[in-house]
2 protein chains.
Amino acid sequence: MARKRITPGKIRLAEVAKLAGVSPITASRFFRNPEALSAGKRARVESAAKELGYVPNLAARALASQRTEVIGVLIPSLTNNVFADVLRGIYDALDGSRYSIQLANTRYSILQEERLLRLFLAQKPAGLIITGINQTADSRRVMEAVDCPIVQIMEVGPSPIDMMIGFSHFDAAKAAIAHLLAQGYWRIGFLGARMDPRVQRRLDGYRAAMTEAALFDPQLIVTTAIPTSVTLGGTLFADLLAKAPDIDAVFCVNDDLALGALFECKRRHMAVPEQMAIVGFNDLEFMASSEPTLSSVRTNRYEMGRNAAMMVIETLEGRRPAEPVVDLGFSVMERQSSARRS
Amino acid sequence: MARKRITPGKIRLAEVAKLAGVSPITASRFFRNPEALSAGKRARVESAAKELGYVPNLAARALASQRTEVIGVLIPSLTNNVFADVLRGIYDALDGSRYSIQLANTRYSILQEERLLRLFLAQKPAGLIITGINQTADSRRVMEAVDCPIVQIMEVGPSPIDMMIGFSHFDAAKAAIAHLLAQGYWRIGFLGARMDPRVQRRLDGYRAAMTEAALFDPQLIVTTAIPTSVTLGGTLFADLLAKAPDIDAVFCVNDDLALGALFECKRRHMAVPEQMAIVGFNDLEFMASSEPTLSSVRTNRYEMGRNAAMMVIETLEGRRPAEPVVDLGFSVMERQSSARRS
DNA sequence: CAATCGCTTGGTAGCGCTGTCAATATCGGT
DNA sequence: ACCGATATTGACAGCGCTACCAAGCGATTG
């Protein structure tokens, strides 16, 4: 016969209930839905729990209730500053709440993403935050089948799986080019790295703006699948200059590339912006304090993460946001590197 | 009488066992310790699990086995590039293993850290990775009482709680100053932000090196508790110049400050390194591609994370590392910004 | 004053898995 | 052919909590 496996010193809910003089299930309700208890029992359970230093066993809770209090977060990169800000927003929003975060890194692969998604959903998460709107058809299917709030972040687009928060990368890039055109630049190069779907849409925005202005020329575009870096910015900028020596401005799909381009200009003794205007994307902190200061497209990354987490929580608590798709917009930060052409 | 809460479509371990023609406990053993099964049963369980698409219920597993397969990670910041690299190493090491990560952000507060620690340990993590060696006495006590592998990362020091991996911030800073001295600089300023314990030890290293060279002067030191940024680097550098206009070099406790100092030099038309040498710390990617390229102290952040996670796993699998304290060292990357004085 | 309603509270069983130990099968040595 | 040792396998109960109903209770209503 199997022996009992009682753990002696451990404080279980039953102990709290006994001390409070209520049944275990009433004690359980205190943690799940305190309003359902009468004021007297509520106080008794509360003080009993505090006195014993009760800590709920999450595994038992998850097993019995068939759900967890974990919000899954799928992002493509841990190193990218952009996602660090988003994550900070998510963690801040969840801090102090009952929910915790399970983070996974898709490494910019939608197949990896699908695998992780299945892994997550099998554990019945309370909610899910996933990057972008380009999931595989299978991923979409499993997400639509599952019954938990899901927020797609980083961009907005048609047909959200559930909820969505972000901005239009197409419009943002187009606005950056419009700014350069308005400042008097016309031979505007494009530097792109990694070329994930969002970067691709920035390229589309560039192309649209340039085509509208009848200035489009494929020679102006330099892209690579290599992950971005400052060093790469310098290299790509050099490639661009080789292809199109007559450019007067360059739009970089992120700020690392922009910084790399700036340094390459310095190495070549090209004056910025007099001989070469530069505009980046994301508006990382350093853009405002470089010499010259660098123009960029500011995106609301922290707010994106924060709001996404809040949308999940509100849905879980029955206060579903009125608007499932939130466009956080962007703003073109006009600085020295794209000052008006004299 | 309570009704049975059977979930119809769900594939449980019992279903797999039935299809494989074995008992549930044997099927369980297949996942826990496949070698314990005979080759025949092993193959039968494996194919049954695959055929049914069985996914284990982690909550049930945790409840029954009284432990989880979660490794807790406590880091002070999500935005700091340094920790992004460490995290990447941890995630990479655990990718494909049975273990998952629970990440929490202490925001550089050891009280916050203590709170999170208690939260984590209450859920019986498989292991723990914690930043630094400056925990509260209470934190130390609870960690010593708990029975799971713990790795302290980012620095090495005496009396590890369990295991430790990092490097000496004191030695690293001292080596950076020694480099500057060897290059002919002697009036070397110090720029510090955030001033967490590791930064503090870098300051100690600076002080030791300068004192040994009989060059120490408190006027050369500018620090602040404000979180670091490139902008702050410029500001602090300006403060330093105001206090000590005759400096010929500056050591910055991180690369963001160094970059900010570089930009400030450019704004002031001070030639680097001719009029001002700059050395940073961490050797982030951009340091090698700035103009001029910036000297820095390279630290092995990715390896630190990776090895820390591997040390935890090895301990869990009974192959405890021979050496509980690992010093990963550092290297002074000598670049243009600290070229020899002519 | 009985019937009804809503609010609290409790009893019972079970969520899906694994620790414990017993039972059986297999094997080499004498 | 027998014995004990080792490798596999199975039975059972229980990990700590909550879903599900039912019951108790005072208040409300016609």
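These figures come from a predicted structure and were not determined experimentally. Residue numbering restarts at 1 for every chain, and letters A, B, ... go by the order of the sequence lines.
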Give a yes/no on whether any side-chain N or O of A:Arg32 is located under 4.0 angstrom from OP1 or OP2 of D:dT18.
yes
Would you mind reading off the distance between A:Phe31 atom CZ and D:dC17 atom P, rounded to a whole angstrom?
9 Å
Between C1' on D:dT9 and CZ on B:Arg44, what's the gap in Å once rounded to a whole number?
12 Å
Between A:Thr131, A:Ile110, A:Asn105, which is the residue that forms a side chain to side chain contact (heavy atoms under 4.5 Å, CB included) with A:Pro76?
A:Thr131
A:Phe30 CZ to C:dT9 P: how many Å, rounded?
13 Å
Figure out the CG/C1' separation between A:Asn57 and D:dT18, and round it to whole Å.
12 Å
Whether A:Thr26 contacts C:dG10 is assessed here as follows: a side-chain N or O lying under 4.0 Å from the phosphate OP1 or OP2. Is that the case?
yes
Nearest-Å distance for atom pair CD/C1', residues B:Gln123 and D:dG16:
12 Å
Separation of C:dG14 C1' from A:Arg61 CZ (nearest whole Å):
18 Å
Which nucleotide, D:dC17, C:dG16, D:dT9, lies nearest any side-chain atom of B:Arg12?
C:dG16
Parallel, tilted or perpendicular for A:Tyr108 and A:Phe83, by the 30°/60° rule?
perpendicular
It should be established whether B:Arg67 places a side-chain nitrogen or oxygen under 4.0 Å from OP1 or OP2 of nucleotide C:dG19.
yes
Any side-chain N or O of A:Ser23 less than 4.0 Å from the OP1 or OP2 oxygen of C:dG10?
yes
OP1 or OP2 of D:dT9 versus the side-chain N and O atoms of B:Ser38: is any pair under 4.0 Å?
yes
Just one of A:Arg301, A:Met154, A:Met304 clears the side chain to side chain contact (heavy atoms under 4.5 Å, CB included) bar with A:Leu328, so which one?
A:Met304
D:dG16 OP1/OP2 closer than 4.0 Å to side-chain N/O of A:Tyr54:
no
Under 3.5 Å, is there a donor-acceptor pair linking the side chains of B:Gln112 and B:Thr106?
no
Establish, with yes or no, whether the OP1 or OP2 oxygen of C:dC17 is under 4.0 angstrom from a side-chain nitrogen or oxygen of B:Gln66.
no
Using the side-chain heavy atoms of B:Ile25, tell me which of these nucleotides is nearest: C:dG19, C:dC17, D:dT18.
C:dG19
Within the structure, does a side-chain N or O atom of A:Ser28 lie under 4.0 Å from either OP1 or OP2 of D:dC17?
no
Note: B:Lys50-B:Glu46 ion pair, threshold 4.0 Å (strictly below):
no
Separation of C:dG16 atom C1' from B:Leu58 atom CG, nearest Å, is 11 Å
Is A:Ala59 touching bases, backbone alone, or none of the nucleic acid, heavy atoms closer than 4.0 Å?
nothing
Separation of C:dG16 atom P from B:Leu63 atom CG, nearest Å, is 12 Å
Side-chain N or O of A:Arg29 versus OP1/OP2 of C:dT9: is the shortest distance under 4.0 Å?
no
